[in-house]
Each structure stands twice: as structure tokens, then as C-alpha cells.
2 protein chains.
Amino acid sequence: MTQRRRPTIHEVARVAGVSISSVSRALNGNTSNADMVARVNAAVREVGYVPSVVAQSLKTRHTGQIAFAMEDIGNAAYLEMVRRIQPTLRDEGYRLLLHSTGADVEDELGVLASLSQNYVDGLILCPLRVTDRHVEALRQTAVPVVVIGLLPDDVPVDNVRADSRVGARLAVEHLAEAGARRIAFIDGPLDTVPGRARYDGFRSGLAAAGLPEDDDLVRFTDFQFDAGRRAARELLTGHPDVDAVLGANDLIAMGVLHALRDLGRDVPGDVRVVGMDDTPLAATSFPPLSSVSLGSADRGRIAAELLLRRLDGDDAPPERVTVPPSLNVRESSR
Amino acid sequence: MTQRRRPTIHEVARVAGVSISSVSRALNGNTSNADMVARVNAAVREVGYVPSVVAQSLKTRHTGQIAFAMEDIGNAAYLEMVRRIQPTLRDEGYRLLLHSTGADVEDELGVLASLSQNYVDGLILCPLRVTDRHVEALRQTAVPVVVIGLLPDDVPVDNVRADSRVGARLAVEHLAEAGARRIAFIDGPLDTVPGRARYDGFRSGLAAAGLPEDDDLVRFTDFQFDAGRRAARELLTGHPDVDAVLGANDLIAMGVLHALRDLGRDVPGDVRVVGMDDTPLAATSFPPLSSVSLGSADRGRIAAELLLRRLDGDDAPPERVTVPPSLNVRESSR
DNA sequence: TGAGGCGAGGGAAACGTTTCCGGGATGTGG
DNA sequence: CCACATCCCGGAAACGTTTCCCTCGCCTCA
């Protein structure tokens, strides 16, 4: 392998016998002389020229990169988003930079501050919590940002929301309709945006169904399988009259299914179970898990599209898009 | 918000009353004068200076970016890798660029050709198939590459392997030991690297256990839940004497579990099931799925570490690291 | 046939850094 | 007290593009 340096536009110009400006024009379609274009292309092939994106970026002031920052790519909801965001961006010639913040608020703010000032043309952000400092940072970003998740109304930033409040409510209403009277809820941390919204939705669902609230039937834990399993086991042991459980995400709901099986209760015969996020887990569990789809894939796609529009120069006022939730009923609640 | 351009190093120099070279030196720790450093830092804060990574990259010839290219980030094995790769790289100051090729060989080659010549300092690649053109491209990359997956021995590139052949064999031996005599195998496409290796391992496992080969008990399909379910249903209907099934990954194995349930067969009583990859799915399924861990997370971490070493200037001959598989026995085969 | 207009292409500046080089100040030893 | 080495810092070049500006040649029209 040759250790030679990559050929530059100067090399191409020399071989083609033209000036570097002409090469640049020919390559960027800013020339009408077909002969010139042909000569340049021939020279490009001859020397194996590949433009330096870095130099281009320096000159043109955009990098062709977009960052997606979230807590943990391991989370199925974020994963669904990435799967849609990446192709959407790629089709428009953008590369995707991935940044997991690991639930570290400082890191998240650091991303906002430094990412946005550098090496990306735009940013899609999924903050788990939104503090005043987030809002402040969002007001000052140097590049367009789209936030996926709940954002105060006065923050001038494009915002794609899932209505997990309505989602939780849908689930509760569905369970009540199916005959459940003692509905338990296993939530994530109450101080997270989704944890809070889902709890509110749960309560409003109870109210809508005319069922009493009972704090004993609610647990706040983590959005994880083991946490859900433990909490469910404890709750169901203490309250054997529970006839339905809503898990704040599919992992928790899977934990609930396992706890029920450990306790010898039949699903959905004795207890109905519904999860949230409608991840691939839901369809493959046993019994297949009813789950509230919050449209993660759609949110990802929409966020990417919004961002692309901004990058295209659209300076309309910030948009708020809410993706409506939908309930996917499977056997676990039928 | 001000529409002013970002301050440059010149701005800082002007405010601090020094030259731009001094600013650069102070910021990069190449000066011993504490007073100078203090003045520069003060000026940096005053004008809100953030260095332009693009300009730095142009000058220093490295970008601080590393790309990870795989077929589909939705695949749990790749996901595990990303989860380890990203923090490992971030801790060393590198950003992660994500590229899903979508099983498109052309695109994969395109990544190799263009990514490697541009905007990344290194590349971690998970090719699903390895063609001659891959090998050719790998020989010519401009930056260090680490390949996760099987690679011909003569390709001079760092390589991290899972021994999925031995992994499949482990599973078969385990099943045979548990008493299985008619072991079926549902594989992915035979013309993929993992599909091939797992098939070979399956056969060598049979041989090791002294069991006859029976092509009727092998199916080649996709690495997906539905494909696994369909193939399993068809196979098990035609061969009710099958007493164990190996799925080439956890998704397939989950499909097998569902097919068995549909057919009213008990797991593990009537039929034992083992999957591969040991994804989070396995632990949450019912019954919990025995699965062969191919060390995805470890492979990701090791690949990242190898790459970092190369970027650090290590020019030892290419390394081949094989991560040994291990079987995680759960209830589905107990 | 000559003047004016137009288009194509070359020269050079600029993007924002890092780093080489050289000059002046400072310190040290004879 | 002078010569020489040392250290700091400023000037300027360079990284590889894009693009502005200007010149030159050609074509058209009077």
C-alpha cells in the first residue's frame, strides 16, 4: 500500500491542465462546458481524487452531520427512532452522530453546548428531564434543534411529542371496559417526563372509567424488567384482588407477566396486563402483550423531517407535533 | 439571540492582547507561562470562544470521529456492541458515527471507500457477507479498520470474532447431554457468515454427540421472529419426533417457542429449545430461553479498544481476537 | 470593421486552526 | 561587562476547499 498523501484538487487541476477553480466548478456542477467536465472527471478518476469533507466544511460552514442524543440507545423506544432517523437523514446526504448521555444531565447539557456549536448542522434531542438549564441552553443553540419529548410551550424549538398521558389513559379505559375493577400501575421514576405523564394518564383513565384511585396499587420504580418484576410481585402478593396491571413500558410489563406466572395467576384469565411503547418485545412475549404504541418510529421520522426542513432554510415559527397514541390489543388483555 | 458569527481565535487574541499563536499554544498546553494561560483563558470566557473542530481537523488531519457500520442497528447483537463501543470511544474523546447499511453490499462498500477516506479516523465494520471486493477495499482503506466477524486469514486487518461455530456446537452438545436425540436447527441464510458458521457448528455438534445428520431437520430462513415461527411450525408438524430445536438466534428461537405453544407441545418437557446471541429477549421470554452468548458486548468493547490502540500509533501486525462463546442455560432446556 | 457585451476560466483570498521559524529579551558564565 | 545560550512570543505559512473578481477571447450587432 502506498503511503502517499491523498490527492488534492490541485493534483486534479494539474493533471487536467486546468485551474483549481475550474475543477471545483466542474465537480459542483457550476460549469456548462461539457468538455471541461469530462476532462476534470477523467483526471479525478486518474488520480483517485476524493474531496476532503473537512476542507469543504470549513469553507461552506456546514458539516453534513446531525446528532441524535438520548439517554441510552439500549432503550427500545430510542432504538426505533434511530432506525427511522438514520435512513431519513442519509437519503438527504446527512450522516448521523450518535450520542448516549447515560442519563447524565451534565453530559446532556454538554452535548447541547458543544455539539451544537460544532461539527453538526443540527441536533435531535431526547431529554429525559427538562431543567431550566436545558431550556436556557436550547434558547442559545447555534444550530437547529428538534426535541422529542415534552417541552414547555414557551421554548422556541421544534418539538415532537408522544402523548403518553393519553396513552396511559387509553390503556386504563380499555382494561376497565374489559371488566377490570382493581387496576394496578407500575411506573418508572415520577421525576422523569414520561414517568410523570404516564402517572397522570393513569389517574385520568381511572377517573374516566369511574374507578376510585388507590395509591396502594401504584408503584414507582425503574423502567426495567427486573424492577417491574419485583414491584409486581410485591404489589400482587399484598393485593391479590388486583385484576389488571398497567406497566409503564413493555419491559416493566414483561416483568409483571413473569411475576404473575410465578404467583400462579393466569393472564389474561385472572389478571390482564398492558404495557407501553409497543416494542418488538410485546409481540414475541407470551402471551403476546397488549401495548400502547406511542409511535416511536413515527416520532423519529417526523423529527428528522422537521430538522431537514429547518436545514433547508425554513424559518417558520417552531412547530409542535403530537403523535397520537394507539392501543395494540393482544392476548394479554383479551 | 445575537446573529453574530462565532468568535475565532483571532478575537481571543485581540482581547487578550497576544498573538493567535500564543492563544493556540495556551489552549493546547504548549506554553509554560502561567500568566499567559490565565489571560488567554479569561479572554476565552469573555468572548465565549469555542474552537472550530472543523478547522482543527483540517490542520491536524484527524477528525475525532469513528464510524460503526453494520447491517441494522435494530439487531440486538449490534445494539449490544454499540452500547459498549460508544462509551469506550467517548472516554477517549472520539465521537461515534452510526451507519446502517441495510444489508446492501454496495452501500457497505461505499462506506468503506468514502467513510474511510473522509471524516473518520477509524472504522468498525460488521460485514454480513465478505466478498472479494470487501477484501480488496479493506486492503486499501486510508484509516485503521477493525472488523467484527469472520475474515479470511490473509486480510491484514484487526479482527474480532465470535466463535459461533463452537457456540452452536456447545448448544447441540448440551441438548444431546440432556437427552435429546432428534435435534432440529433453524438457521438464517446459509450465504451469510453467521448462517454458515452456525450450520457448521450444528453439524459438528451432532458428530461430537454421536448423532446422525438429518437434513430434514434443518431449515434455512431469515434471522427473524416470524420466519422462525413459520419454519418451526412447518418442521415440527412434519417431524413430531423432534425433541429439541436450536434457533440460530434468539428471535428465531422465540418463534420456535411460539410455534411449540401453538402446537401444544411443552417446553422443555416435550421439546427443549436453545437460542443464540443471549439477548435481553432470552431472559424475559417464557420459559426463559437458554441461549448461547457470543459475547456481543465484549466484542464491541474489544473492537473499540483495538481501534483506539491503532489510532494511538500501534503498528503491530493485525490482531485476531476470538471471544469464546458460553452457554447460558435457562428453563427452556432444563 | 470596430465597439460592446457576455461567458468561461484563472488568480487569489478566505474559512479557522496549528506549527515552523526567527527575532528579541532575559539569564548565565567566563 | 560581554558573549552566548535559552526561552517566549509574534509573524506567516499551510491544511484543501469554495468563490469572488478580473481578464481575455469570442460573438454579435451597428
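Each chain gets a letter, A, B and so on, in the order the sequences are listed, and its residues count up from 1. The structure displayed is predicted, hence computed values, not measured ones.
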Identify all pairs in which a protein N or O lies below 3.5 Å from an N or O of nucleotides 12-15 of chain D, and state each distance.
from	atom 1	to	atom 2	distance (Å)
D:dA14	N3	B:Lys59	NZ	2.8
D:dC15	O3'	B:Arg61	NH2	2.8

Between protein and nucleotides 22-28 of chain D, map the contacts as a letter string: B base, S sugar-phosphate only, - none, heavy atoms under 4.0 Å, written 5' to 3'. -------
Would you kindly give the NE2-to-C1' distance between A:His10 and C:dG11, to the nearest whole Å? 11 Å
For nucleotides 5-8 of chain D, which of its nitrogen or oxygen atoms have a protein nitrogen or oxygen under 3.5 Å away, and what is each distance?
from	atom 1	to	atom 2	distance (Å)
D:dC8	OP1	B:Ser32	OG	2.9
D:dC8	OP2	B:Ser32	OG	3.4

Contact list (N/O, under 3.5 angstrom) for nucleotides 21-23 of chain C vs protein:
none

Rounding to 10 degrees, work out the angle separating the end axes of the helix from C:dT1-D:dA30 to C:dG30-D:dC1 (five pairs an end). 50°
First locate atom SG of B:Cys126, then atom CG of B:Asn75, and finally report the distance between them rounded to the nearest 0.5 Å. 9.0 Å
Salt bridge between [X] and [Y], side-chain N to carboxylate O under 4.0 Å?
X        : Y        : value
A:Arg161 : A:Asp153 : yes
A:Asp158 : A:Arg310 : yes
B:Arg309 : B:Glu305 : no
A:Arg133 : A:Glu136 : no

Determine, step by step, whether A:Ile73 and A:Leu98 satisfy the side-chain contact (heavy atoms from CB on, under 4.5 Å) criterion, reporting the C-alpha distance in whole Å, the side-chain angles of both residues, the deciding distance to 0.1 Å, and the verdict. CA-CA 9 Å; A:Ile73 183 66; A:Leu98 200 69; 4.3 Å; yes
Among all residues two or more places apart in sequence or in another chain, which pass the side-chain hydrogen bond (donor to acceptor under 3.5 Å, both in side chains) test with A:Arg39? none
